[in-house]
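Chain identifiers are assigned alphabetically (A, B, ...) following the order of the sequence lines, protein sequences preceding nucleic acid strands; residue numbering begins at 1 within each chain. The model shown is predicted, which means the values in this text are computed figures rather than measured ones.
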Number of protein chains: 2
Amino acid sequence: MNGTNGSGRTAGVNLPDLRNHNAALVLDLLRAAGRDGISRLELADRTGLTPQAVSKITARLREEGFAAEAGQRASTGGKPRTLLRLVPDAGHAVGVHLDRDELRAVLTDLDASVVGERRVPLDLGAGAEAVLETVVREAEELGHAAGGSLLGVGVALPGPLDHVHGVLHRVTGFPEWDGFPLRDALADRLGVPVVVDKDTNAAALGLAVGGERGSFAYLHLGTGLGAGLVIGGTVHRGARTGAGEFGHQVIQMDGLHCWCGNRGCVEALCLAAIGKGDVSEAARVLGEGAANLVGLLDIDLVLLGGRTVTAAPGPFVRGVTSVLADRARREGSPEGAVPVRLAPGGDRVVADGAAQLLLAPVFGRGDG
Amino acid sequence: MNGTNGSGRTAGVNLPDLRNHNAALVLDLLRAAGRDGISRLELADRTGLTPQAVSKITARLREEGFAAEAGQRASTGGKPRTLLRLVPDAGHAVGVHLDRDELRAVLTDLDASVVGERRVPLDLGAGAEAVLETVVREAEELGHAAGGSLLGVGVALPGPLDHVHGVLHRVTGFPEWDGFPLRDALADRLGVPVVVDKDTNAAALGLAVGGERGSFAYLHLGTGLGAGLVIGGTVHRGARTGAGEFGHQVIQMDGLHCWCGNRGCVEALCLAAIGKGDVSEAARVLGEGAANLVGLLDIDLVLLGGRTVTAAPGPFVRGVTSVLADRARREGSPEGAVPVRLAPGGDRVVADGAAQLLLAPVFGRGDG
DNA sequence: CCACTTTCGCAACGCTGTTGCCAAAGTGCA
DNA sequence: TGCACTTTGGCAACAGCGTTGCGAAAGTGG
């Protein structure tokens, strides 16, 4: 058990903390069980708590409207187990994906089901006022449907930023955003809590919530190349929300010049290959970067996403798989290579994950 | 607050867990305070618990012999604060560093002070029986001095292994160790708990306990090149104790052949440069690898160690610093580059850290 | 119909941190 | 020297957490 406060320092745990933790844990298991539901005894088994403790916790959750009974399982010789399930309508969140040329927003319920979606063209360079206007309009439009159960709005966008304070450092190519306090500006106008995060982190969070277990990396190849890291079920952002700077990993010292000033970055090599139409070389480059990452962190899975990948998923998945397999074989890994898959959710992963920035805390997932 | 069991899955937390957590937290703060001691109110402030809770916890710790009063601070206008300190003799651990040609062992007290040390030549290839014999003899010799307060023996060695079960996968160059259950073999003979871990992980743990805050990487350059990662105060081992595979990160695609079968690994390039006597090139290569790592994980600090580094610390620290500074400057990092330092403790870091494998759980640090 | 199994809630309990209160032990001014 | 004040920290009562003991409810199977 680790108690941590915002800065990562360990902190004491008292009874209310404990109560919230266990309740969140049960909610998380209820969500994972989906429509099928899960019984009290199974919850007890998974949490390590006694059945009676689970009964008390679920009774509170039912009273608060977060959980409900959902039929019962077949008997195994005694009283059949009563199934419990999450009440999806008990909470909603809006997720906004701000990309360079498009805004994509979703309204999601507690079950991570998308119950509303909007998509409009956007010019991130049009200035803060215009962009904020659009975000506020789209978020409010979606938020109305949630009524009083709207927990808040999550915003995901590219570029370095401060996740804790919701302040942008800079958005590559758009210097007018430097230092903009996006979270507070939006929270003021919307009147609900707002959380801001990098696009790749949001996507990784969404995938973790969506059922991907353990530790994995989400590699996003679109107009740029970045990564979201999930370690032990939690998004790893680093102290300055800077983790996942995958694209400017150097894999070819003294190689091709990258716009970032370095030479031989994965992003530069990968995009150059794509520019030449050589997708298999792009996949190989991406694979070498992924293999470095897998070796450094000992993760379980690599997921690929982003426009460039979804445009030609097969060659990318095969190419990256092949590099990982080669390197695992040479190094004699007993379990074989780490699997590579296309990230589910298509081009909506980032918006879906942005909504999870608000929902994750309810389920005890990280500081999001 | 995150409750986790061995496999990293989230688990419920009950009152005994909570008690242990808070007690460990207080012990950790007592240790960090060292000989100076720390007052109850300061403990309350740091943990977030109420002063009364701290009073109860420290009363228990004093009763059990782990803490004691240590004078008092100057008054600030009222009753002066009573200082509390750790009782270092309340627990000891033996740390063993098994290197390819040498065994180094220390006896450490709760305060991480080395109270005994031994160092003997060793041939890791001489077979399990001979090596075990040596480890048992040296560990028992040191353990005697601890009397009944010996918590156990920690063993750190190179090569991939399973930290959870204490089983070696293989030790590079010594195939006779493949699959050897080192932990259980030693625990049987020694009659005390034994924990086994990679040398770099042990060193990283020792450094984290030794006062390095936050997240950092320990890069160990000796006969090989590896890394130990500390993320948020906890050693990151990955699912298969495989994290920190830094040496076989490819930074020169299609470059120099490495013995591992890949091409352009940091280790191959670095050792080749050293072979040519070109330390500054070795440092540059190491720096590029370190910069990749810093970017991926957004860590706060890079520490260098290992025989090759301690033989010429200046050029390595300067060389790596320079690469990190260049890349940070180009990428426009507002906080500037991540600092690079020589790991304190010299060639004893691994043995010191191995002892911490047993002590860390007492202070609520990870699953060690 | 009855014995048995299994689920699950009620009640009492032990233990946690918290709150209210007061004694202890200083400072500082009259 | 005396007294008011500040600050520390323990004692006692308390609320709330998960746990234990036990029994009612709700099935199966002979």
Side-chain angles (χ1 to χ4, degrees), chain A residues 1 3 10-27 29-30 37-64 67-85 364, chain B residues 1 3 5 10-26 29-30 37-64 67-85 364:
Chain A
M1 178 172 62
T10 322
V13 179
N14 55 20
L15 290 164
D17 295 338
L18 180 143
R19 171 192 170 127
N20 288 337
H21 172 80
N22 287 340
L25 202 59
V26 168
L27 274 177
L29 290 170
L30 285 174
I38 184 171
S39 75
R40 289 174 180 78
L41 287 175
E42 285 162 342
L43 289 170
D45 191 48
R46 301 259 195 117
T47 56
L49 299 172
T50 60
Q52 191 56 273
V54 171
S55 270
K56 284 192 180 179
I57 292 166
T58 54
R60 280 199 301 264
L61 292 176
R62 284 195 298 159
E63 210 167 307
E64 294 162 6
E69 297 199 341
Q72 45 189 46
R73 237 185 255 295
S75 167
T76 60
K79 177 174 178 176
R81 301 183 173 184
T82 312
L83 294 173
L84 299 167
R85 61 170 180 78
Chain B
M1 178 171 60
N5 58 25
T10 321
V13 178
N14 54 22
L15 289 166
D17 295 339
L18 179 142
R19 170 193 171 127
N20 289 337
H21 172 80
N22 287 341
L25 202 60
V26 169
L29 290 170
L30 286 173
I38 184 172
S39 74
R40 289 174 179 78
L41 288 175
E42 284 162 343
L43 288 170
D45 191 50
R46 301 260 195 117
T47 56
L49 299 173
T50 61
Q52 193 54 251
V54 172
S55 271
K56 283 190 180 180
I57 292 167
T58 55
R60 282 199 300 264
L61 292 176
R62 285 194 299 158
E63 209 167 307
E64 294 163 3
E69 297 199 340
Q72 44 188 45
R73 237 186 255 295
S75 167
T76 59
K79 179 176 179 176
R81 301 183 173 186
T82 310
L83 294 173
L84 299 167
R85 62 171 178 78

Side chains of residues 54-61 of chain A: which donor-acceptor partners sit under 3.5 Å, not counting sequence neighbours?
unit_1, atom_1, unit_2, atom_2, d
A:T58, OG1, A:V54, O, 2.9
A:T58, OG1, A:S55, O, 3.0

If I compare all heavy atoms of A:G364 with all of A:A24, which pair ends up nearest, and what's the gap? N-CB, 3.5 Å
Does OP1 or OP2 of D:dG10 have a side-chain N or O of B:S55 closer than 4.0 Å? yes
Please state how far atom CG in A:N20 lies from atom C1' in D:dG18, giving the value in whole angstrom units. 15 Å
Side-chain donor/acceptor pairs under 3.5 Å, residues 71-80 of chain B, sequence neighbours excluded:
unit_1, atom_1, unit_2, atom_2, d
B:R73, NH2, B:E42, OE1, 3.0
B:R73, NH2, B:E42, OE2, 3.2
B:S75, OG, B:G77, N, 2.9
B:S75, OG, B:G78, N, 3.1
B:S75, OG, B:G78, O, 2.6

Correct closest heavy-atom pair for B:L18 and A:L15 would be CD1-N, 4.4 Å
Close side-chain approach of A:T47 and A:N22, heavy atoms under 4.5 Å: no
Tell me whether B:D17 contacts the main-chain N or O of B:N14 through its side chain, where contact means a donor paired with an acceptor under 3.5 Å. yes
In terms of side-chain heavy atoms of A:R81, which of D:dT8, C:dT7, C:dC8 is nearest? C:dT7
Need one value for A:T82: base, sugar-phosphate or nothing, where a base atom within 4.0 Å counts as base even if backbone is also close, heavy atoms only. sugar-phosphate
Between NE2 of B:H21 and C1' of D:dC17 the distance, given in whole Å, is 16 Å
Rounded to whole Å, how long is the line connecting atom CG of A:L49 with atom C1' of C:dC8? 16 Å
Mind calculating the distance between CZ (B:R40) and C1' (D:dT7) to the nearest angstrom? 14 Å
Per-nucleotide protein contact along nucleotides 20-30 of chain D, 5' to 3', at a 4.0 Å heavy-atom cut-off (B base, S sugar-phosphate only, - neither), is BB---BBBS--
Let me confirm one number: the CG-CG distance from A:L43 to A:L29, rounded to the nearest 0.5 Å. 6.0 Å
Take the protein atom CD1 of A:I57 and the nucleotide atom P of C:dC8, then report the distance between them rounded to whole Å. 15 Å
Dump the pairs, protein N or O against N or O of nucleotides 13-16 of chain C, anything under 3.5 Å, distances to one decimal.
unit_1, atom_1, unit_2, atom_2, d
C:dT16, OP1, B:R19, NE, 3.3
C:dT16, OP1, B:R19, NH1, 2.1

Residues passing the side chain to side chain contact (heavy atoms under 4.5 Å, CB included) test with A:A53, sequence neighbours excluded, are A:L49, A:T50
Please report the distance, rounded to the nearest Å, between CG in A:L84 and C1' in C:dT7. 12 Å
Just N and O in the side chain of B:N14: are any of them under 4.0 Å from OP1 or OP2 of D:dT19? yes
Rounded to whole Å, please give me the gap between CZ in B:R73 and P in C:dT27. 16 Å
B:E69: partners by salt bridge (charged side-chain N to carboxylate O under 4.0 Å, His left out), with sequence neighbours left out: B:R40, B:R62
Atom CG of A:D17 and atom P of D:dA15 are separated, to the nearest Å, by 20 Å
